[in-house]
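We number each residue from 1, following the sequence as shown.
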Amino acid sequence: MRSAVAEAEKARLKDEVPIGSVIVYEGKIIARAHNLRETTQNPTGHAELLAIRKAARKLGSWRLLNTVLYVTLEPCVMCMGAIILARIPKVVFGCYDSKGGAAGSLYDLSNDKRLNHTVELTPCVLEYECSTLLSNFFAELRKRKKNK
């Protein structure tokens, strides 16, 4: 999770929402990414999606079996959909997202029996660090907008 936090910090330095993600396979990080929506002007530029794409290329398969995805914020509906489609068995995340989370807060797609795959969740890992990074980023953003 510390590597995901480091990725989130890279996003913050680019004025992106500070969310980072890593994917681990057989104990080794095979993909790292951070949010790039503003940089790319692409609504799908979420850390999880970028990491999933990298991991699929690295493994040569869209099925990311036996992997663990670490992310600093609870995945949204789009990202949980991609996690399910990629067959990622486990997601570890830092803090819940009450406004858009799809892994237990607003929705829970991880254990929906109507879908063809379930995901084991481990929430609240380094929760304070992850939530502080986000709240400080948005406080600074509000401050800059107010001063304009």
Side-chain angles (χ1 to χ4, degrees), residues 1-56 58-59 64-112 115 117-148:
M1 182 57 91
R2 295 224 180 270
S3 294
V5 172
E7 286 296 317
E9 182 62 26
K10 289 178 187 178
R12 185 191 66 78
L13 293 172
K14 294 177 182 176
D15 258 354
E16 294 278 355
V17 175
I19 300 171
S21 181
V22 298
I23 297 179
V24 173
Y25 176 73
E26 294 182 349
K28 182 179 174 193
I29 294 174
I30 61 166
R32 302 170 186 270
H34 52 273
N35 269 17
L36 289 174
R37 287 192 319 172
E38 297 300 327
T39 301
T40 62
Q41 289 299 296
N42 183 338
T44 67
H46 290 206
E48 301 96 308
L49 292 183
L50 299 172
I52 287 169
R53 288 182 194 125
K54 289 178 182 181
K58 176 87 174 181
L59 295 179
L64 300 182
L65 305 173
N66 303 314
T67 62
V68 179
L69 184 144
Y70 293 82
V71 63
T72 56
L73 181 66
E74 176 186 5
C76 69
V77 171
M78 176 178 65
C79 292
M80 276 305 294
I83 289 163
I84 290 164
L85 291 172
R87 309 298 194 270
I88 295 172
K90 183 172 183 175
V91 171
V92 178
F93 64 91
C95 55
Y96 281 100
D97 180 2
S98 62
K99 294 181 180 179
S105 62
L106 192 57
Y107 302 101
D108 188 1
L109 298 180
S110 69
N111 198 29
D112 190 324
L115 301 173
H117 178 70
T118 59
V119 180
E120 178 187 343
L121 299 175
T122 303
C124 303
V125 175
L126 299 181
E127 179 180 22
Y128 178 78
E129 291 90 332
C130 296
S131 63
T132 300
L133 191 58
L134 286 161
S135 58
N136 288 348
F137 173 81
F138 286 114
E140 179 61 30
L141 188 64
R142 285 189 297 275
K143 183 179 173 182
R144 280 186 279 169
K145 286 184 179 182
K146 184 178 179 181
N147 289 337
K148 278 189 178 182

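Contact of the Val125 side chain with the Arg2 side chain is not registered, since no non-hydrogen atoms from C-beta on lie closer than 4.5 Å. You'll find the side chain of Tyr70 stays beyond 4.5 Å of the side chain of Ser3, heavy atoms only. With contacts defined as side-chain heavy-atom distances shorter than 4.5 Å, the pair Ile52/Leu64 qualifies. Side chains of Arg144 and Asn147 form no contact here, defined as non-hydrogen atoms less than 4.5 Å apart. Considering only heavy atoms from C-beta on, Lys99 stays 4.5 Å or farther from Leu106 through its side chain. In this structure, Ile84 and Val119 have side chains that are in contact, with non-hydrogen atoms separated by less than 4.5 Å. The closest side-chain heavy-atom distance from Phe93 to Cys124 is not below 4.5 Å. In this structure, the side chains of Pro89 and Asn66 stay at 4.5 Å or more apart for every pair of heavy atoms.
Summarising the geometry, atom CG belonging to Leu126 is positioned 10.5 Å from atom OG belonging to Ser131; distances are rounded to the nearest 0.5 Å. Taken from CG in Leu50 to CD1 in Ile19, the straight-line distance is 11.5 Å, to the nearest 0.5 Å. Separating the OG1 atom in Thr67 from the CD1 atom in Ile30 is a distance of 6.5 Å, to the nearest 0.5 Å. Distance NZ/Lys145 to CZ/Phe138: 9.5 Å, rounded to 0.5 Å. Here Asp97 contributes atom CG and Leu73 contributes atom CG; the two are 4.5 Å apart, rounded to the nearest 0.5 Å. Distance check, rounded to the nearest 0.5 Å: CD of Glu26 to CG of Leu59 gives 8.5 Å.
In this structure a side-chain-to-backbone donor-acceptor pair under 3.5 Å is missing from Thr132 to Glu129. In this structure, Lys54 contributes its side chain and Arg32 its backbone to a donor-acceptor pair below 3.5 Å. Under a 3.5 Å cut-off, the side chain of His117 and the backbone N or O of Ile88 do form a donor-acceptor pair. Although no hydrogens or angles enter the test, the distance criterion places a donor-acceptor pair under 3.5 Å between the side chain of Arg87 and the main chain of Leu85. Judged purely by atom type and a 3.5 angstrom limit, Asn35 has no side-chain atom pairing as donor or acceptor with the backbone of Pro18.
Among residue pairs with one or both ends in residues 35-44, none qualify as salt bridge (charged side-chain N to carboxylate O under 4.0 Å, His left out); sequence neighbours excluded.
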Exercise. Please step through side-chain contact (heavy atoms from CB on, under 4.5 Å) for the pair Thr72 and Leu133, ending with a clear verdict.
Key: CA-CA 9 Å; Thr72 56; Leu133 191 58; 5.8 Å; no
(request) Kindly determine whether Val91 and Val68 satisfy side-chain contact (heavy atoms from CB on, under 4.5 Å), including the steps that lead there. (result) CA-CA 6 Å; Val91 171; Val68 179; over 6 Å; no
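Residues that satisfy the side-chain hydrogen bond (donor to acceptor under 3.5 Å, both in side chains) test with Glu120, not counting sequence neighbours, are absent from this structure.
Between the side chains of Ser21 and Glu7, not a single donor N or O lies within less than 3.5 Å of an accepting N or O. For the residue pair Glu74/Ser105, the side-chain donor-acceptor check at 3.5 Å is satisfied.
Across all non-hydrogen atoms, the minimal contact from Val92 to Met1 is O-CE, 3.7 Å.
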